[in-house]
Amino acid sequence: MTAAAVAIEQKPSREILFEVRDLRVHFPGPSGSVRAVDGVDLDLYSGETVALVGESGCGKSTLARALVGLSPITRGSVRFRGEALDFKSRARLRPVRRAVQLVFQDPYASLNPRLTVRATLAEAISLHQELDARGVERAIAELLESVGLDPTLADRYPHEFSGGQRQRISVARALAVRPSLILCDEVTSALDVSVQAQILELLKSLQQRLGVAYLFVTHDLGLVRYIAQRVLVMYLGQLVEVRDSEQLFTDPAHPYTRALIGSSPRVGRAGLAGRGLVSGEVPSPLRPPSGCRFHPRCPDRFDRCPREMPELYPLPAGGASRCFLSDPAEK
Ligand SMILES: Nc1ncnc2c1ncn2[C@@H]1O[C@H](COP(=O)(O)OP(=O)(O)OP(=O)(O)O)[C@@H](O)[C@H]1O
Ligand SMILES: [Mg+2]
């Protein structure tokens, strides 16, 4: 193994990467503010794989992007490795922007079509280390090999690759700066199922080798079950359930989580299938419902639900649920 490969080999540990407290991202508009993220508390650890799930428009991408200052933060704080981020200073955000790399659904949107793979990777490598020409060449070849691409393809342009290969190139570029966290926003939803599986396999094996953490933003509960250790369920700007993945699928606590799982044929468990999908439309984030935001659609609601906002109550088995049914005072 070469020196460069050894250097990026690191042991996974449970060091805390991000501490998010009461985070709010409100987008002002003509008819009021869209409360895209509305009071999120969250810790992310190094080396872990976390999935962020919820229906379209619930604020997943806005929350994920807020970690690196790509969403305008209205209130709340984000600490990265113990240090409070100052979102007003681009210079001071530089280290976190490097440590967190983004990989998107459509690599076309993130890869420069005018740059060869070699130029794209060389640019990324130069961001974090100074190497001579031969060193850069070697690093490029290693990166391509690590994502399962033939280094002899380095002189081609993005359009000369398949969708799955392009996604591998974006992963290679993300790895080039040796990130602590890779944020994957719907990375596989544009790919065929078999190519999806290959990319997920690749991400898993890279994690074992490099100890990088992942935050997967996704609609796909099948993917969550396959890859995530921990799951965050989001509804109308808030986290409503935070659980270990195994527990979430075998014993979901929040009625919304149960409905999501029950409406996903690939992962639904027999007892939940009859619950059908989440009924009704998602209410507008301009005017979220009073009390529990899920109450208008909740099959288990009772008198307290429209009146009070539930907290994220810790669950006896670990994790937390924002539902009065998990409030110890209700027992
Ligand atoms: N730049 C913006 N300006 C105004 N409103 C925005 C902006 N970005 C997002 N929103 C609104 O914030 C809410 C959350 O959007 P977000 O993209 O975070 O949802 P999402 O959960 O990622 O959805 P999807 O699963 O469809 O990607 C939506 O109502 C969206 O319209
Ligand atoms: Mg999104």
Side-chain angles (χ1 to χ4, degrees), residues 18-29 32-44 50-67 71-79 183 185 215-219 221 224 228 230-245 247-248 252-261 263 278-302 304-315 318-327 329-330:
F18 280 99
E19 294 161 89
V20 174
R21 294 296 175 264
D22 193 30
L23 189 74
R24 288 162 204 257
V25 180
H26 295 179
F27 294 107
S33 275
V34 174
R35 303 201 230 160
V37 176
D38 211 18
V40 165
D41 294 303
L42 168 66
D43 292 338
L44 292 177
V50 180
L52 178 57
V53 301
E55 285 162 292
S56 185
C58 70
K60 304 181 295 296
S61 298
T62 307
L63 170 58
R65 293 163 56 85
L67 294 178
S71 305
I73 289 167
T74 311
R75 206 169 101 186
S77 66
V78 179
R79 285 176 173 273
L183 209 161
D185 200 337
L215 177 60
F216 276 92
V217 173
T218 182
H219 287 99
L221 288 180
V224 172
R230 220 150 60 89
V231 186
L232 314 169
V233 183
M234 197 166 182
Y235 187 77
L236 274 180
Q238 299 181 324
L239 295 184
V240 296
E241 185 159 354
V242 179
R243 296 295 291 283
D244 281 348
S245 177
Q247 288 184 353
L248 186 95
H254 198 284
Y256 177 63
T257 314
R258 282 190 224 150
L260 270 186
I261 294 175
S263 62
V278 201
S279 62
E281 290 286 304
V282 187
S284 163
L286 273 169
R287 270 169 294 280
S290 63
C292 169
R293 293 191 173 173
F294 186 57
H295 88 263
R297 301 168 81 194
C298 183
D300 302 320
R301 68 173 169 265
F302 57 105
R304 206 177 159 193
C305 307
R307 291 204 303 258
E308 283 174 64
M309 165 93 74
E311 305 163 26
L312 262 175
Y313 300 104
L315 298 165
S321 170
R322 193 186 285 280
C323 173
F324 291 126
L325 295 174
S326 303
D327 179 1
E330 285 294 332

Apply salt bridge (Lys or Arg N to Asp or Glu O under 4.0 Å) to residues Arg65 and Asp185 and explain how you reach the verdict. CA-CA 10 Å; Arg65 293 163 56 85; Asp185 200 337; over 6 Å; no
To the nearest 0.5 Å, atom CG of Leu215 lies from atom CG of Leu52 at 6.0 Å
Is there side-chain contact between Val20 and Asp41, with heavy atoms separated by less than 4.5 Å? no
CZ of Arg79 to OG of Ser77, rounded to nearest 0.5 Å, is 6.5 Å
Could you pull out all residues at least two apart from Glu311 that satisfy salt bridge (Lys or Arg N to Asp or Glu O under 4.0 Å)? none
Do Ser321 and Tyr313 have side chains that approach each other closer than 4.5 Å (heavy atoms only, starting at C-beta)? no
Taking His254's backbone N and O only, do any of them form a donor-acceptor pair with Glu241's side chain (distance below 3.5 Å, no angle check)? yes
Note, Leu63 side chain near Val25 side chain (heavy atom, < 4.5 Å): no
Tell me the closest heavy-atom pair linking Leu260 and Gly54, and the distance in Å. CD1-CA, 4.5 Å
For residues Leu23 and Ala66, report the shortest heavy-atom separation together with the two atoms involved. CD2-CB, 3.7 Å
Side chains of Leu232 and Val50 in contact at under 4.5 Å (non-hydrogen atoms): yes
Under 3.5 Å: donor-acceptor pair, side chain of Arg322, backbone of Leu239: yes
Taking the side chain as every heavy atom from C-beta outward, state whether Val233 and Tyr256 have any pair of such atoms under 4.5 Å apart. yes
Short question: side chain of Thr74, backbone of His26 - any donor-acceptor pair under 3.5 Å? yes
Ion pair check, Asp43 and Arg21, cut-off under 4.0 Å: yes
Quick check against the 3.5 Å criterion: does Ser71 have a side-chain atom that pairs as donor or acceptor with the backbone of Thr62? yes
Any side-chain heavy atom of Val40 within less than 4.5 Å of one from Arg24? no
If I compare all heavy atoms of Glu55 with all of Tyr235, which pair ends up nearest, and what's the gap? OE1-CE1, 3.7 Å
Should Arg35 and Phe27 count as side-chain neighbours, where that means a heavy-atom distance under 4.5 Å? no
Any chance you could lay out the side-chain contact (heavy atoms from CB on, under 4.5 Å) test for Leu221 and Ile261, step after step, and finish with the verdict? CA-CA 7 Å; Leu221 288 180; Ile261 294 175; 4.1 Å; yes
Within the side chain of Thr257, is there an N or O that forms a donor-acceptor pair under 3.5 Å with the backbone of Ala253? no
Minimum heavy-atom separation for Leu67 to Phe18, with atom names? O-CE2, 3.6 Å
Flag, side chain of Lys60 to backbone of Met234, donor-acceptor distance under 3.5 Å: no
Please set out all donor-acceptor pairs under 3.5 angstrom arising from side-chain atoms of residues 282-296, sequence neighbours excluded.
{"unit_1": "Ser284", "atom_1": "OG", "unit_2": "Leu286", "atom_2": "N", "d": "2.8"}
{"unit_1": "Ser290", "atom_1": "OG", "unit_2": "Pro306", "atom_2": "O", "d": "2.8"}
{"unit_1": "Arg293", "atom_1": "NH1", "unit_2": "Asp38", "atom_2": "OD2", "d": "3.1"}
{"unit_1": "Arg293", "atom_1": "NH1", "unit_2": "Leu236", "atom_2": "O", "d": "3.0"}
{"unit_1": "Arg293", "atom_1": "NH2", "unit_2": "Asp38", "atom_2": "OD2", "d": "2.7"}
{"unit_1": "His295", "atom_1": "ND1", "unit_2": "Ser290", "atom_2": "O", "d": "3.2"}
{"unit_1": "His295", "atom_1": "ND1", "unit_2": "Cys292", "atom_2": "O", "d": "2.9"}

Do the side chains of Leu325 and Glu330 get nearer than 4.5 Å, heavy atoms only? no
